[in-house]
Amino acid sequence: MCGIVGYLGDRNVYEVLINGLKRLEYRGYDSAGLALVAPGGEIKIYKSKGKVSNLEAYCSGKDLTSRVGIAHTRWATHGEPSDCNAHPHYSEDGNLALVHNGTIENYQLLKEALQQHGCKFHTETDTEVLVQLVEHIRVTNNCTTLEALQAALKQVIGAFAVAVVEKNNPDMVLAARRSSPLVIGIGDGEYFLGSDGTPFVEYTSKVVYVKDDEIAVMERNKPLKLVNLDNVEKKIDVKKLQLSIAQLEKGGYPHFMLKEIFEQPITMRDCIRGRVVEGGSRVILNGVMDNKDKFLNCNRIIIVACGTSWHAALLGKQLIQDMCRIPVEVEYASEFRYSHPVITDRDVVIAVSQSGETADTLAAIQIARSKGAFVYGVSNVVGASIPRETDSGTYIHVGPEIGVASTKAFTGQVLVFTMIALSVAQYKGTLTTEQVKAVGEYLMRIPQLVKETLKLNDKIRNLSLIYTYARNFLYLGRGYSYPVALEGALKLKEISYIHAEGYPAAEMKHGPIALIDSEMPTVIVAPKDHLYEKIVSNVQQVKSRGGSIIAIVTKGDTTIRELADHVLEVPSVPECLTPLITSIPLQLLSYYIAINKGKDVDMPRNLAKSVTVE
Ligand code: M6R
C-alpha cells in the first residue's frame, strides 16, 4: 500500500528511483512522483497520475541531475488519485519534500491547528499535513529537521513510513516508520531506501529494517544513524537481503500472475524441503518443535488473517482440528482487533500473512500478545513486520509474489498449515506414524501432481472464452473444498471485476439457489471425498434449475461428468490435500477470464499487494 524509494549517492538518482518504483508498483499504482535534490539544494518535484510509466514519460527530456532523491507510488487513501494528490508533498516554503505510506488518523485536527497559524494547503492528503507540520515546527522552534520530525511524529496518530529531503541540507535523507515497512540498503558510500528490498536488490544485500518509531539518518560520507523519537541512538542490526533479481522478473511469462501459477510445483517443493522427511513419515517444523508445549497445552488455537490468507486459515482450521483434535477458531484480523476478544495465555494465535505487513493482522497480533497468548506467524516475506512481531513461526518460502492476486502464496500457506497439523499431531499422538506417512508421502508428491494439473491450462483457456462475459458466478464447495470455492470466487472478483460468490454448497438451498438460471455459471469443487455424494446432489440442484456447471472433479469421475457442462479433472490425493490441487484450475480460470476481458491482472484496479492501512 504505497511504495517508497530513496537514494543518496553518486549513481544516476533518477534511474535508481524510477526503476525502484517499477519494482514497488505492486504496492499501489494510481499515481507516482519523485523529488530530486539538485546539487545546489533546489528540490524539483515531478508527479503524474496513473502508473509509473506515465511519470517516466512526464520526466522524459527534463533536467534530472541530482545526488539525492525520494519517490513514491501511491494507493490513494485521502483524496482521489490525481497529479496534485500524488506524492511527494512539500512544505509551503519549499524547504522540505516528503513521501508517505500509511494514514495519519488525526490529520484533520493537525491541519486545523496549522491553518490557525496561517498554513495553506493545496491537496486533500493527510501527507501534506505532515510535511507542513514538520516545517512549521522547524521554523518556529529554530531546530533541525530531525528534531522537528521527531516532535511531529510524536503528535501523529496512525501508521506511517516516511522519507524526507531538505533543501537546506541537500546531502541528507531522513526516514521513519510506525507500523508500515521501511528498509535501508547500505552500499559503498551510498544509501538506498525502500518499502522492501526490491528497489535496490541489484546494488546491495546489506539491509537494515527500521523499527517502529525509529528515524534513520542517512548523510553523505557519514555512517548510518538510527534514533528514536527522543533522540536516543539505537543499535544498527545489518541483515542480509534474501532476494534475487531473477525472482523479480517475469521469466518469459506475459504476467507475474501466470508465472506464479506455473511456479507452484517449484514453490511447493521449496516449501516442504527439509520439513517433510524420512519418506514422509516425519514432519519437522522448527517453530513448532521448539514450542511444542505451547501447542500441546493450549486450550484452543485462533487463526487471524485477511483475504486469501483468511481462506488458507479456514483450511488450517480443518487440518488442525482433523489431525490434532484441538479446537480452532478463524477470525478476520480486522474484526478480531475490535471485537474485545477473550484471549488467555493458554491460547495459541496463528497470524497468516503473505506480505507480513498487513495492518489489521499486525494489530491482531499486538492484542493477542498483550493478553499473553503465544503468537505464531505464517509469512512469506523474510524480515517483514509480522515475523518480527510474533513469538515464533514458519516461512512459506515461495519467493516474492508480485501479482496482486495471491496464488503461490495461498498454496504455500496451505502447505504450511498441513505441516503444522501433521507435526503437532505426531507430538500429540493423535495420528500414528503410519497415518502421518500416508499424508506425508503424498505431500512429497504434490509438486509433481500440481505439474500434472497445470496441463489443464489449454483446456481452461478455451473454456474461459465461453464465460468471459458472464456477469455473476457462484462457486460452491463442501468440507475442504469450501475455502477453495471462496478463494476461487475472490480470484475472479479481484482481477476480472466479475461479481462472484463463494458458498458452502449445502447452504445454496437456503438462499443463493434463487440466483440460478441459464445466465449464472456455477463452479463446483467436487473431488472424491467423504462429502462427494452430497455434492453430487448439489450439482443436480443447479442442473435442474437450468444453471451451467463447471466442475472440478477427481480423474475418472463419471457421475458429475454426466451432469456438468464442463469438467476439469485433477489427480486423486488424500482429502486433506485436495485444496492444493483443486485451487490450481480456479487460478487459471480467473486468469484467463480476466485476460479475455483485457484487464491488468497483475495490477487490478483499486487493489494493492500489501495492505498497510486499516
Ligand atoms: O499479505 P497478506 O496475506 O496479509 O494479505 C492479505 C490480503 O490483503 C490478500 O490476501 C488479498 O486478499 C490478495 N489480494 C488476495 O489475492
Side-chain angles (χ1 to χ4, degrees), residues 1-3 25-29 75 101 159 179-181 195-196 255-258 260-261 264 303-316 330-337 349-365 377-390 393-396 398-414 416-417 475 483-484 486-497 500 502 583 586-591 594 599-614:
M1 204 127 284
C2 299
E25 212 167 9
Y26 72 90
R27 299 179 63 87
Y29 33 81
W75 186 88
N101 166 24
S179 303
S180 283
S195 296
D196 60 37
H255 299 97
F256 281 109
M257 182 177 176
L258 193 62
E260 287 158 6
I261 292 172
Q264 288 173 107
I303 314 178
V304 291
C306 305
T308 287
S309 299
W310 186 80
H311 297 151
L314 291 177
L315 290 165
V330 177
E331 301 266 3
Y332 285 113
S334 54
E335 289 296 314
F336 177 84
R337 63 185 291 190
V349 171
I350 303 181
V352 195
S353 170
Q354 185 285 130
S355 62
E357 298 292 351
T358 300
D360 287 320
T361 312
L362 265 169
I365 289 170
V378 175
S379 193
N380 188 31
V381 180
V382 175
S385 301
I386 288 175
R388 285 186 285 129
E389 298 278 318
T390 41
T394 302
Y395 283 114
I396 60 176
V398 299
E401 189 180 63
I402 313 284
V404 164
S406 186
T407 52
K408 62 176 181 172
F410 173 72
T411 48
Q413 291 164 340
V414 177
V416 164
F417 271 118
Y475 281 69
V484 175
L486 291 179
E487 175 58 10
L490 178 67
K491 285 290 85 84
L492 188 71
K493 275 187 269 216
E494 282 188 295
I495 58 172
S496 70
Y497 321 144
S583 54
L586 301 189
Q587 295 171 350
L588 286 169
L589 184 65
S590 60
Y591 172 80
K599 304 299 178 201
D600 184 344
V601 292
D602 283 340
M603 289 184 235
R605 73 178 179 206
N606 304 338
L607 295 179
K609 185 73 185 160
S610 176
V611 185
T612 52
V613 297
E614 267 202 64

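Everything numeric in this text was worked out from a predicted model, so none of it was measured. Just so you know, ligand 1 is whichever comes first in the structure, and atom 1 is the first atom listed for that ligand. Positions are given from 1, in the same order as the sequence printed here.
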Just need the protein heavy atom nearest to [atom], so name the residue and atom and give the distance.
atom	value
atom 6 (C) of ligand 1	C306 O, 3.3 Å
atom 1 (O) of ligand 1	S355 OG, 2.6 Å
atom 13 (C) of ligand 1	E494 OE2, 3.3 Å
atom 15 (C) of ligand 1	T308 OG1, 2.9 Å

Legend entry - Of all pairs that satisfy salt bridge (Lys or Arg N to Asp or Glu O under 4.0 Å), the ones with a partner from residues 351-365, not counting sequence neighbours: R337-D360

Legend entry - Pairwise salt bridge (Lys or Arg N to Asp or Glu O under 4.0 Å) hits with a residue in residues 600-610, at least two apart: K51-D600, E401-K609

Contact atoms of ligand 1, heavy-atom distance to [X] under 4.0 Å:
X	value
S353	1 (O), 2 (P), 3 (O), 4 (O)
S309	2 (P), 3 (O), 10 (O)
A405	16 (O)

Inset, instruction - With heavy atoms under 4.0 Å as the rule, classify the contact between V611 and ligand 1 as side chain, backbone, both or neither. - result: side chain

Legend entry - V404 heavy atom under 4.0 Å from ligand 1: yes

Inset, instruction - Could you tell me whether ligand 1 has any atom less than 4.0 Å away from a heavy atom of K491? - result: yes

Are any of the N/O atoms on [X], whether in the backbone or the side chain, positioned under 3.5 angstrom from an N/O atom of ligand 1?
X	value
Q413	no
T358	yes
A608	no
S406	yes

Legend entry - Aromatic contact, Y29 with W75 (centres under 6.0 Å): no

Does some side-chain heavy atom of [Y] sit less than 4.5 Å from a side-chain heavy atom of [X]?
X	Y	result
I350	V304	no
L490	L486	no
I365	V349	no

Distance-only side-chain donor-acceptor flag, [X] / [Y], under 3.5 Å:
X	Y	answer
N101	S195	no
Q264	Q587	yes
T407	K491	no

